[in-house]
Amino acid sequence: MKKYEYVWLDGYQPEPYLRSKVKVTTDRTPPEWSFDGSSTQQADTEGSDCILIPVQEYKNPLFGDSLVMCGVQTSAREAHSTNMRHSASEIVTDEWWFGFEQEYFLTNPDGSILGWEEGIPERAQGEYYCGVGAANVKGRDVSEAHLEACLEAGIELTGTNAEVALGQWEYQCLGKGIKAGDDLWMSRYLLQKVGEEFDVCVNFHPKPQAGDWNGSGMHTNFSNEVMRSNGSEELFTGFCEKLGEVHDQGIASYGSDNDKRLTGLHETQKITEFSYGVSDRGASIRIPIYTVEHNWNGYLEDRRPASNADPYKIISHIVGTLTS
Ligand code: MG
């Protein structure tokens, strides 16, 4: 018997939540399955069946045999309106590489951030980023167990670090084509499951703590074949200009409550403004020095996406804009 853990995205707005259930079967590959869409805001009670279409399979590092990322269809066998993967998969190819820098806060089940149980930490930001020591770092065991789980699953995390605020962390997740989006969603799923083992929750909100504390983003590094191997200054600045022309559409695709994070402070550009520049961490899009030093062959970093953004929407916006 095989144990498949099916994972999908529900219909909640503005951002979906991850859902899962386990199928036990003699099937050697995960079959299509169904679920009660009336319990996930994807159907009404009368026509409640939604279909789970397996789209990506991972070794399950925590339980059973496989993790199965699924796309959702209606009972009429059409892509569900909440299925952002469907439209992204139609325009992205594997020549597009994405490196997502996922930031997040770890919290207790009551919502308090790890290390903030007694209120605001006494010491301001400064000692926590890439810090060490029990007073400077909270939740390292979760971050490390998550990294191991993702690597075992076949999800390419390229690094992790403690972030600028106490209890805040980051990991970097690299993928090609639509699988980049699948991997990021599955890495979020694994993070929350690993957290269960430590009785710790994950807060993906872009600004969980108001005031002079960093928010959480999901800087998105991206490139295609020509950017990597046949680039030029004109190509890179042209791509930045193109993304700037549809800045508002980008912001609409880059996560809710992002206005609380993109204030012009804490290494961000204001949400109402668009800019780009070499090495500029106060810009909307940074042209990395790596790209310039490699004779304009490399990648770009879109610094606007929030930590709660849907990677499928990010992929659709970037690829859709730069290939039209
Ligand atoms: Mg970071």
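In what follows, every heavy atom counts, from backbone to side chain, and hydrogens, waters and symmetry copies are set aside. Atoms within each ligand, like the ligands themselves, are counted from 1 in listed order.
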Among the N, O or S atoms that Glu163 has, which is closest to the Mg ion (ligand 1)? OE2

Using 30° and 60° as the class limits, which term best fits the ring planes of Tyr17 and Tyr12: parallel, tilted or perpendicular? perpendicular

Of all the N, O or S atoms in Glu103, the one nearest to the Mg ion (ligand 1) is OE2

How about His205 and Tyr104: are their ring centres within less than 6.0 Å of each other? no

Check for me whether Lys21 meets the cation-pi criterion with Trp33, that is, NZ or CZ under 6.0 Å from the six-membered ring centre and within 45 degrees of the ring axis. yes

What is the ring orientation for Phe98 with Phe100, classed by angle as parallel under 30°, tilted 30 to 60°, or perpendicular over 60°? parallel

Any N/O/S atom of Glu170 sitting less than 2.8 Å from the Mg ion (ligand 1), backbone or side chain? yes

